[in-house]
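What follows is a set of notes on a single structure, which appears directly below.
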Number of protein chains: 2
Amino acid sequence: MTADLVILAIEDEPQLVRFLRASLAGHAIRLIDAPTGAAGLVEASTRVPDLILLDLGLPDMDGVEVCRRLREWTKIPILVLSARGQERDKIEALDAGADDYLTKPFGIGELLARIRVALRHSQRGPGASEPVIETGNLRIDLALRRVLRAGAEVHLTPNEFKLLAELVKNADRVVTQRQLLKAVWGPGSVDHTHYLRVFMANLRHKLEDLPARPRHLMTEAGVGYRFRTET
Amino acid sequence: MTADLVILAIEDEPQLVRFLRASLAGHAIRLIDAPTGAAGLVEASTRVPDLILLDLGLPDMDGVEVCRRLREWTKIPILVLSARGQERDKIEALDAGADDYLTKPFGIGELLARIRVALRHSQRGPGASEPVIETGNLRIDLALRRVLRAGAEVHLTPNEFKLLAELVKNADRVVTQRQLLKAVWGPGSVDHTHYLRVFMANLRHKLEDLPARPRHLMTEAGVGYRFRTET
DNA sequence: TTTGATCTTGACGTTTTCTTGATACGGCGG
DNA sequence: CCGCCGTATCAAGAAAACGTCAAGATCAAA
């Protein structure tokens, strides 16, 4: 269920990186690393990790500056690891946007616990885009797993919801039968196109005013289906 | 312009409280304090502060337990202040729901910086939840761990309460079986879905007028359960 | 040790959801 | 006009998920 987490370590000490990677591997966490601030900024923006471990003592630029630059565009949790234990350093880093500050040497257990805290925080923030679609008299909230039709709640079965979700995630674009089948029933049922007809019919009955003349759940003959927004 | 912030210090050392109050006053922060864990829980639910400073070495109960009890109903940031610097203590507190952990003695500057971080976090995200939920003929006070049905107190067993709390915290949203099992029985029992059925049945018998036709404790087949407010 | 409350476990009936087949519809080319 | 193909609809049986009850097991307090 939980997709593997990715953590970026901006850290120039290979030993520490290796140690971190080993420690995190057992927790379904993949570690990518960057040895310089510049490389870290690039990695952060291209790989978009779930959390960033940031060393303050980087060879090319000040860690606090890295922090600031990251905060210009992202709210990814930043956990600072530093050999400097001065209060001034901590305050500066925290005010630059860091979420936590650990002084080396630190225990791996504490680090993991603080990582858990940071991930807990980022779970509920408005970090990601809003997965709520409103169109016509439909309101579909993928995150809350909730569908309203003209204000009234509509109950969907698990597979109905999965199917609708796949369509809504690709709103206004054609989704092939193959892709839908794979998303809902798994890669093993790619040719049971009949499932699609049955479930699309069910969805139309639950969501459309005139199931025979759908306004949103459009079929693209020979290809797949499409969720149409707007009226 | 900014409305005053209110911080609750659950701390039995008057000296420290006085020092904190003085330090915070200059930052438009009002400090209220509670000398015991029990008093702290009450203050937290009645005053609903913006942040909680929690001493682990309280005279009446374990600080970690206080933390857990708070997390049963609220997401108010909790910053632990402790004389204990052992890694095990930190991990335990952080996993119990604390957001940060400072070891005494600490610098006031660092404390303020960490308070700023915590407040920054709580700004986004949905604010602290209500400590009391009323709907239909039910009145659920998560902070006091009390449940009234039509004015009469209902006795819940520990696990029943945990299950209800997890549902109520996510009122009107679907909570997956996985999440419920993890919250009540721990991460090791994620597939004992039978527990859920038994305990949901118990809860319905205690809280619903017609257990077979529940108005609040709704099941979402194949997914989980949902606590429905209003009619 | 006994007691009482709570938790765990298993069996069994019910409900919901999924799968499957039969049949009907509609556009298109022959 | 007819048959073909992909699609839509409906309903019944199968499978999975859920609700219920009650008998052990566990644990802490008396």
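Every chain is numbered from 1 and lettered A, B, ... according to where its sequence line falls, protein lines coming before strand lines. Only a predicted model underlies this, so the values are computations on that prediction, with no experimental measurement involved.
- Nearer the 5' end of DNA chain C, as judged by each residue's closest nucleotide, is the contact made by B:Leu156, out of B:Tyr195 and B:Leu156.
- Salt bridge status for B:Glu166 with B:Lys162: absent, with no side-chain N to carboxylate O gap under 4.0 Å.
- Nearest nucleotide to the side chain of B:Pro158, out of C:dC18, C:dT6, C:dT16: C:dT6.
- Using a 4.0 Å heavy-atom criterion, one finds that A:Thr219 contacts the sugar-phosphate atoms exclusively.
- Here the nucleotide nearest the side chain of B:Thr157, chosen from C:dC18, C:dT6, D:dC10, is C:dT6.
- Between A:Asp172 and A:Arg228, no side-chain nitrogen of the basic residue sits less than 4.0 Å from a carboxylate oxygen of the acidic one, so the salt-bridge criterion is not met.
- A heavy-atom distance below 4.5 Å is not found between the side chains of B:Tyr195 and B:Leu163.
- OP1 or OP2 of D:dG6 has not a single side-chain nitrogen or oxygen of A:Tyr225 nearer than 4.0 Å.
- With DNA chain C read from its 5' end, the first of the two nearest nucleotides for B:Gly222 and B:Glu160 is the one closest to B:Glu160.
- Rounded to an integer number of Å, the gap from CE of B:Met200 to P of C:dT8 is 17 Å.
- Protein atom CZ of A:Arg204 is 11 Å distant from nucleotide atom P of D:dT7, rounded to whole Å.
- Between B:Asp191 atom CG and C:dT8 atom C1' there is a gap of 15 Å when expressed in whole angstrom units.
- B:Leu203 places its CG atom 15 Å from the C1' atom of D:dT20, with the value rounded to the nearest Å.
- Contact annotation: A:Thr193 does not reach the phosphate of D:dT7 (side-chain N/O to OP1 or OP2, under 4.0 Å).
- In this structure, the CG atom of B:Leu217 is 14 Å from the C1' atom of D:dG19, given to the nearest Å.
- Look at CZ on B:Phe199: it is 15 Å from P on D:dT20, rounded to the nearest Å.
- Here the side chain of A:Arg197 is nearest to one of C:dT8, D:dG6, D:dC18, namely D:dG6.
- B:Phe227 is listed as a side-chain neighbour of B:Ile140, based on a closest heavy-atom distance under 4.5 Å.
- Each of B:His205 and B:Glu220 has a nearest nucleotide on DNA chain D; the 5'-most of these lies closest to B:Glu220.
- Within the nucleic acid shown, A:His192 has no heavy atom closer than 4.0 Å to any nucleic acid atom.
- Residues B:Leu196 and B:Trp185 form a side-chain contact, since some pair of their non-hydrogen atoms from C-beta on lies under 4.5 Å apart.
- Using a cutoff of 4.0 Å between basic side-chain nitrogens and carboxylate oxygens, B:Arg146 and B:Glu153 are scored as salt-bridged.
- When rounded to the nearest whole Å, the span between NE2 of A:His194 and C1' of C:dT23 equals 11 Å.
- At a non-hydrogen distance threshold of 4.0 Å, A:Gln177 from residues 161-187 of chain A come into contact with DNA chain D.
- Distance CZ (B:Arg213) to C1' (C:dT14): 12 Å, rounded to an integer number of Å.
- The main-chain N or O of A:Leu148 is never found under 3.5 Å from a side-chain atom of A:Arg139 such that the two would form a donor-acceptor pair.
- Salt bridge status for A:Arg114 with A:Glu110: present, with a side-chain N to carboxylate O gap under 4.0 Å.
- Under 4.0 angstrom from either OP1 or OP2 of C:dT17 there lies at least one side-chain N or O belonging to A:His155.
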